[in-house]
Amino acid sequence: MLKKFLGGLACALVLAGAAYTLETAIAADAPKAVDLTTIKPTDLVAKTPKGQLKNPYKDTDAKVVAEGEHIFLSYSCNGCHGGGGGGGMCPPLTNDVWVYGGDDDTIYRLVTLGTDELQKAGYMRKGRENVVGPMPPFGGIIKNADELWKIIAFVRSKYSSNADPAYKYGVPPEQQ
């Protein structure tokens, strides 16, 4: 009986050790969390595969939206897009048109890379605006990825209240 107990105990220890080793290996392969306050937008774009950038902030968080607006103004985005996002020599942010697509990844890359580099990366215009100035690359100007995500939360908060909310983040996947 003792022999069976010790044999069972040995098997249990071996299995527990194997499970721990597997868990440790999986954790080691998992992507490490990125500190958005220390990485430049250009570096985050360079290290993240296309389609995988996702805003950690919600455009319904009033504090984040207010911070995003402050940052938007501090980088003079209002010089082209208007102080409230209503447009100017560049497209308004208050309508329902996403010129290249409205998903987080595309918008982040557009602001970071600018129009020319975004197009070189294979992005095509999906929407049209009456006022279309090229977006300059701001990825080397904006201090860090955290600031850019807050700007994008502010921009999203300006999405037209008259528009179909299904298109707020671009064309819904089932329609693509």
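Values below: every heavy atom of this structure, side chains too, minus hydrogens, waters and symmetry copies. For the single chain, residues carry numbers from 1 onward in sequence order.
Considering only heavy atoms from C-beta on, Tyr75 comes within 4.5 Å of Glu147 through its side chain. Under the 4.5 Å side-chain criterion, counting only non-hydrogen atoms from C-beta, Pro137 is not in contact with Thr112. The shortest distance between side-chain heavy atoms of Val111 and Leu148 falls below 4.5 Å. Contact check for Leu53 versus Asp104: no side-chain heavy atoms found under the 4.5 Å cut-off.
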- Given the rule in the side-chain contact (heavy atoms from CB on, under 4.5 Å) test, do Tyr100 and Gln119 qualify, once you have shown the distances and angles that lead to the verdict? CA-CA 9 Å; Tyr100 288 94; Gln119 289 176 348; 2.7 Å; yes

- Test side-chain contact (heavy atoms from CB on, under 4.5 Å) on Ile152 and Phe72 and set out the steps. CA-CA 9 Å; Ile152 292 171; Phe72 175 88; over 6 Å; no

- Message: side-chain contact (heavy atoms from CB on, under 4.5 Å), that's the test. Do Arg156 and Leu93 meet it? Break it down for me.
- Response: CA-CA 8 Å; Arg156 286 227 189 272; Leu93 307 174; over 6 Å; no

- Item | Worked verdict on Asp43 versus Lys47 for salt bridge (Lys or Arg N to Asp or Glu O under 4.0 Å) | CA-CA 6 Å; Asp43 294 338; Lys47 74 179 284 183; over 6 Å; no

- Message: Working note: Ile151 + Ile142, criterion side-chain contact (heavy atoms from CB on, under 4.5 Å); need CA distance, chi angles, decisive distance, verdict.
- Response: CA-CA 10 Å; Ile151 291 170; Ile142 296 174; 4.0 Å; yes

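A salt bridge is defined here as a Lys NZ or Arg NE, NH1 or NH2 lying under 4.0 Å from an Asp or Glu carboxylate O, and Asp146 with Lys150 meets this definition. The pair Asp116-Lys120 fails the salt-bridge criterion, with no side-chain N (NZ, NE, NH1 or NH2) lying under 4.0 Å from an Asp/Glu carboxylate O.
In this structure, a donor-acceptor pair under 3.5 Å is absent between the side chains of Tyr108 and Asn55. A donor-acceptor pair shorter than 3.5 Å can be found between the side chains of Tyr169 and Asp59. When only modelled atom types and interatomic distance are considered, Glu67 and Tyr57 share no side-chain donor-acceptor pair under 3.5 Å.
Checked by atom type and distance alone, the side chain of Thr48 never pairs as donor or acceptor with a backbone atom of Val45 at under 3.5 Å. No side-chain donor-acceptor contact under 3.5 Å links Ser157 to the backbone of Val65. Checking side-chain atoms of Ser74 against main-chain N and O of Ile71 turns up a donor-acceptor pair under 3.5 Å. Between the side chain of His81 and the backbone N or O of Gly86 there is no donor-acceptor pair closer than 3.5 Å. Remark: side-chain polar atoms of Trp98 are paired, donor with acceptor, to backbone N or O of Lys168 under 3.5 angstrom. Checking side-chain atoms of Lys40 against main-chain N and O of Gly140 turns up a donor-acceptor pair under 3.5 Å. Side chain of Asn144 to backbone of Thr37: a donor-acceptor contact under 3.5 angstrom is found. With hydrogens and angles disregarded, no donor-acceptor distance shorter than 3.5 Å links the side chain of Thr106 to the backbone of Gly102.
Here the CZ atom belonging to Phe154 is positioned 6.5 Å from the CG atom belonging to Leu73, to the nearest 0.5 angstrom. Distance check: Ile141 CD1 to Ser76 OG gives 9.5 Å after rounding to the nearest 0.5 Å. For the atom pair OG1 (Thr115) and CZ (Arg125), the distance works out to 6.0 Å, reported to the nearest 0.5 Å. Here the straight-line distance linking atom CG of Asp103 with atom CZ of Arg109 works out to 9.5 Å at 0.5 Å rounding.
A cation-pi arrangement is present between Lys50 and Tyr123, with the terminal nitrogen or guanidinium carbon under 6.0 Å from the aromatic centre and inside a 45° cone about the axis.
Between Ala145 and Pro41, the shortest heavy-atom contact is N-CD, 4.0 Å.
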